[in-house]
Amino acid sequence: MIDPPTGGSIAANAFLMGDPARANMLAALMGGEALTAGELAAHAGVTPQTASGHLARLRDGGLLAVERQGRHRYFRLASPQVAKALEGLMALSSAPGLARVRGPRDAAMRLARSCYDHLAGRLGVAIADALQRQGFIQLDDGVGIVSDDGRRFLSDFGIDVGALDAGKRPLCRTCLDWSERRAHLAGRLGAALLDRSIALGWLLRVPASRTLRISQAGERGFAGTFRCEPVWAPSVPAETGRERNILTAPQTRRSSDRTTRMA
């Protein structure tokens, strides 16, 4: 049985994440892409020498993993748990009273973005809502349970849930969305949904960004296949009662004038 983290280990991780340069490096890796030390130095706004020291601390602290490819070293988040902790801190940092805009200011990023290896933003929340509404998944206390109908639906979509069942990582869990403050899907199922949507061309990655662009095929697919709310469509504000009165009042007066003249 794993002991819960002690206050000392929590403080150590908080110290590692608490430096602005290191926090920017970690945030840059939330898109799931491995980056070089030079790229992370640019994201953090520090020199390569300073970045090297920060990256060593993050790696030794278990927050980053390093992969070598030829002469280059690529850094990535050490685990989905690190990404989940960062997403939670981002939501906390955007709490009411601390910032005017919740989550990213870029509208496209708020609509659809990657959260480590799964889909986030308004689209991610809309898909989670649609799957729940149709009885394909049931979310309870942060865990997602896929129904038999849900397994058949996902199989038709091109995801083999049986193959995802193997492994230590949870099949489906929730992740608090940074901007929407509601749950989107994470775990192996969340990653598979993102991968499949990209493979179908429904979602397109934006270079050097976590932003995901929804293609026209994606708009049709998410609406037709998932029956999710078309969050990509521009909303048209409803006409208020006062506006209706302003518009109709002159017509009423003109009608009364005509009646008077006819009389």
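Worth knowing before you read on, the calculation uses all heavy atoms, side chains too, and leaves out hydrogens, waters and symmetry mates.
Note on Y74 and L40: separate hydrophobic clusters, where clusters join Ile, Leu, Val, Met, Phe, Trp and Tyr whose side-chain heavy atoms are under 4.5 Å apart, directly or indirectly. Residues L63 and L89 share a hydrophobic cluster, clusters being chains of Ile/Leu/Val/Met/Phe/Trp/Tyr side chains in contact below 4.5 Å. Under a hydrophobic-cluster definition in which Ile, Leu, Val, Met, Phe, Trp and Tyr are linked whenever side-chain heavy atoms come within less than 4.5 Å, directly or via other members, W178 and V206 are assigned to different clusters. In terms of hydrophobic clustering, with Ile, Leu, Val, Met, Phe, Trp and Tyr side chains grouped at heavy-atom distances under 4.5 Å, L35 and L16 are assigned to a common cluster.
Side-chain contact check for S52 versus L55: every heavy-atom pair is 4.5 Å or farther apart. For the pair R205 and S114, the minimum side-chain heavy-atom distance is below 4.5 Å. Taking the side chain as every heavy atom from C-beta outward, M30 and C115 approach each other to under 4.5 Å. Taking the side chain as every heavy atom from C-beta outward, D156 and T225 never approach each other to under 4.5 Å. Looking only at side-chain heavy atoms (C-beta outward), V143 and R173 stay at 4.5 Å or farther from each other. In this structure, L29 and L86 have side chains that are not in contact, with every pair of non-hydrogen atoms separated by 4.5 Å or more. In this structure the side chain of L64 reaches within 4.5 angstrom of the side chain of L77, judged on heavy atoms. Annotation: side chain of L119 is not in contact with side chain of L193 (no heavy-atom distance under 4.5 Å).
Minimum interatomic distance between L185 and H118 (heavy atoms only, all atoms of both residues): O-CD2, 3.4 Å. The two residues A44 and N24 make their nearest non-hydrogen contact at CA-CB, 4.0 Å. Of all heavy-atom pairs spanning N13 and G61, the tightest one is OD1-O, 4.0 Å. What you find for C175 and A186 is that their closest heavy atoms are CB-CB, 4.0 Å. Of all heavy-atom pairs spanning R133 and C228, the tightest one is NH2-CA, 4.2 Å. Across all non-hydrogen atoms, the minimal contact from V82 to G62 is CG2-O, 4.4 Å.
Residue R57 places its CZ atom among 12 or fewer non-hydrogen atoms of other residues, nucleotides or ligands, all under 6.0 Å distant.
Going from atom CZ of R213 over to atom CG of L203 covers 10.0 Å, rounded to the nearest 0.5 Å. Note: L123 CG to E180 CD = 10.5 Å, rounded to the nearest 0.5 Å. The distance from the CG atom of L58 to the CG atom of L26 is 5.0 Å, given to the nearest 0.5 Å. A distance of 12.5 Å separates CD in E67 from CZ in R73, rounded to the nearest 0.5 Å. Atoms CH2 and CZ, from W232 and R122 in turn, are 10.5 Å apart once rounded to the nearest 0.5 Å. Atom OG of S197 and atom CD1 of I127 lie 5.5 Å apart (nearest 0.5 Å).
A salt bridge is defined here as a Lys NZ or Arg NE, NH1 or NH2 lying under 4.0 Å from an Asp or Glu carboxylate O, and D129 with R182 meets this definition.
Between F153 and F157, the angle of the ring planes stays under 30°, which puts this pair in the parallel group of the 30/60° scheme. Ring pair W202/F222 is perpendicular by interplanar angle, where above 60° counts as perpendicular and below 30° as parallel.
A donor-acceptor pair is defined here as one N or O able to donate and one able to accept, closer than 3.5 Å; such a pair exists between the side chain of Q134 and the backbone of F226. Panel note: side chain R22, backbone M17; no donor-acceptor pair is recorded below 3.5 Å. When atom types are taken as modelled, the side chain of S215 and the backbone of G201 share a donor-acceptor pair closer than 3.5 angstrom.
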Verdict with supporting geometry, V231 and V125, side-chain contact (heavy atoms from CB on, under 4.5 Å):
CA-CA 10 Å; V231 293; V125 172; over 6 Å; no
Audit row: R113, D177, salt bridge (Lys or Arg N to Asp or Glu O under 4.0 Å) steps and yes/no
CA-CA 11 Å; R113 65 182 180 273; D177 196 89; 3.2 Å; yes
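For the side-chain contact (heavy atoms from CB on, under 4.5 Å) test with V146, the passing option among L131, L189, D165 is L189; the others fail.
In this structure, the side chain to side chain contact (heavy atoms under 4.5 Å, CB included) partners of D149, at least two apart in sequence or on a different chain, are F136, S147, R152.
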